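For reference, the structure discussed in these notes is given below.
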Amino acid sequence: EEIRERLLDGGQLTGTNMCVLVCAMVIASVGLNMSSTAVIIGAMLISPIMGSILASAYGNVSADYPLFTNHMVGFGLQIAISVAAASIYFFLSPVKEPTVELIARTGPTFYDVLIAFFGGLAGIIGQTRIDKANTVIPGVAIATALMPPLCTCGYAIANGRWDMLLGAGYLFIINAYFIFLSASIILTVLKIPKVKELSEKEWRRHRLRMVRNTLIVAIPSIVAVYYMLL
């Protein structure tokens with residue numbers, strides 16, 4: 001019950017969270033525009049976007065599909081607001097040339113998959129431990145870097161760089177999906193109570209979908225590493 005409360009509270013969409021999200025996006029966009037790593041890290045620390053992913057994972061594992069749908073819709077809304085805020089900033093910014101920090105978010109590889117997966121593991125373990133003082137999530141927010149790829153998407157839209165949009169969008173999908181996957185695995189191991197019991201056939205179909213989705217998301221990044229090593 002306490003785990004449920006922690007995760008769902010973290011995934012709530014409120015006016016305050018949305019304001020903080022927009023502020024984080026603008027800060028991250030400025031950091032990317034100016035190639036300031038310290039500013040980018042600061043933006044990742046204040047961003048509330050990871051809460052929706054962990055709450056969605058809880059809905060998925062507990063078979064509470066209305067809850068899962070609600071948080072996924074909220075997550076989609078956060079993405080839309082984030083990209084819109086970044087697009088407006090980069091449209092107005094006088095600095096149009098892509099910086100090193102922006103370009104770095106356009107070439108995801110399998111190493112990003114590993115970072116997102118193990119970062120997600122650390123995040124969900126931090127949220128489900130007995131100690132209520134969670135110092136793990138800020139570190140996970142920095143390691144998995146959810147904000148910079150969305151900012152890069154905003155830059156790409158504002159400047160018509162569709163090649164950068166594809167790479168940055170894929171990096172964000174990798175980060176979000178593998179945080180979701182690792183959180184789902186840990187919550188399954190913890191035997192989170194389910195809203196309704198599914199038949200063995202339904203659970204098998206559910207697991208197969210997860211395996212299929214994981215392969216679809218991961219394979220392009222594996223191919224990218226292969227070409228890097230050639």
Side-chain angles (χ1 to χ4, degrees), residues 6-57 70-106 112 115-116 119-120 122-123 126-127 133-159 161 164-165 167-169 171-176 179-180 183:
R6 284 187 197 178
L7 295 181
L8 299 191
D9 283 351
Q12 282 184 347
L13 288 188
T14 63
T16 303
N17 275 350
M18 287 304 191
C19 288
V20 171
L21 180 64
V22 171
C23 291
M25 285 302 296
V26 173
I27 293 169
S29 296
V30 172
L32 289 167
N33 211 194
M34 298 292 103
S35 276
S36 173
T37 304
V39 173
I40 297 168
I41 290 173
M44 289 186 283
L45 282 171
I46 64 174
S47 168
I49 200 167
M50 190 182 297
S52 293
I53 301 176
L54 299 181
S56 297
N70 287 340
H71 282 289
M72 286 302 294
V73 169
F75 184 52
L77 180 61
Q78 287 179 312
I79 292 171
I81 291 173
S82 297
V83 173
S87 298
I88 292 169
Y89 168 80
F90 283 111
F91 180 77
L92 298 174
S93 172
V95 181
K96 300 300 182 184
E97 284 299 310
T99 61
V100 173
E101 291 287 354
L102 282 166
I103 294 171
R105 269 75 190 188
T106 60
D112 295 295
I115 292 168
Q127 287 287 68
N134 189 356
T135 59
V136 176
I137 287 294
V140 174
I142 296 171
T144 55
L146 285 164
M147 302 298 289
L150 285 181
C151 291
T152 306
C153 288
Y155 170 86
I157 292 170
N159 293 280
R161 293 293 303 270
M164 294 181 69
L165 178 63
L171 177 58
F172 177 76
I173 289 170
I174 285 176
N175 289 342
I179 291 171
F180 171 83

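Note: hydrogens, waters and symmetry copies are ignored here, and every other heavy atom, side chains too, is used. Small disclaimer: the values here were computed from a predicted structure and weren't measured.
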Gap between atom CG of L102 and atom SG of C153 - 0.5 Å precision: 11.0 Å
Shortest non-hydrogen separation from C151 to A28 and the atoms involved: SG-CB, 3.4 Å
Distance (rounded to the nearest 0.5 Å) between M25 CE and I46 CD1: 11.0 Å
side-chain hydrogen bond (donor to acceptor under 3.5 Å, both in side chains) contacts in which one or both residues fall within residues 28-43, not counting sequence neighbours: N33-Y89, N33-S93, T37-E101
Results of side-chain hydrogen bond (donor to acceptor under 3.5 Å, both in side chains) for S56 - residues two or more places apart only: none
I27 side chain reached by M147 side chain, heavy atoms, under 4.5 Å: no
Point-to-point distance, once rounded to the nearest 0.5 Å, from CD1 of I157 to CD1 of I88: 11.0 Å
Flag side-chain contact, heavy atom, 4.5 Å: F90 against V95: no
Atom pair OG1 (T152) and CG (L165), whose distance is rounded to the nearest 0.5 Å: 10.0 Å
Exercise: identify the closest heavy-atom pair between A183 and A57: CB-CB, 3.7 Å
Verdict with reasoning, I49 to L150, per side-chain contact (heavy atoms from CB on, under 4.5 Å): CA-CA 11 Å; I49 200 167; L150 285 181; 3.9 Å; yes
Nearest-0.5 Å distance, NZ of residue K96 to CZ of residue R161: 13.0 Å
Non-hydrogen side-chain atoms of M18 and I81 separated by less than 4.5 Å: yes
Within-4.5 Å side-chain heavy-atom neighbours: L54 and I179: yes
Reported CZ-to-CE distance for the pair F180 and M72, which is rounded to 0.5 angstrom: 6.5 Å
Working for side-chain contact (heavy atoms from CB on, under 4.5 Å), residues L32 and R105: CA-CA 10 Å; L32 289 167; R105 269 75 190 188; 3.9 Å; yes
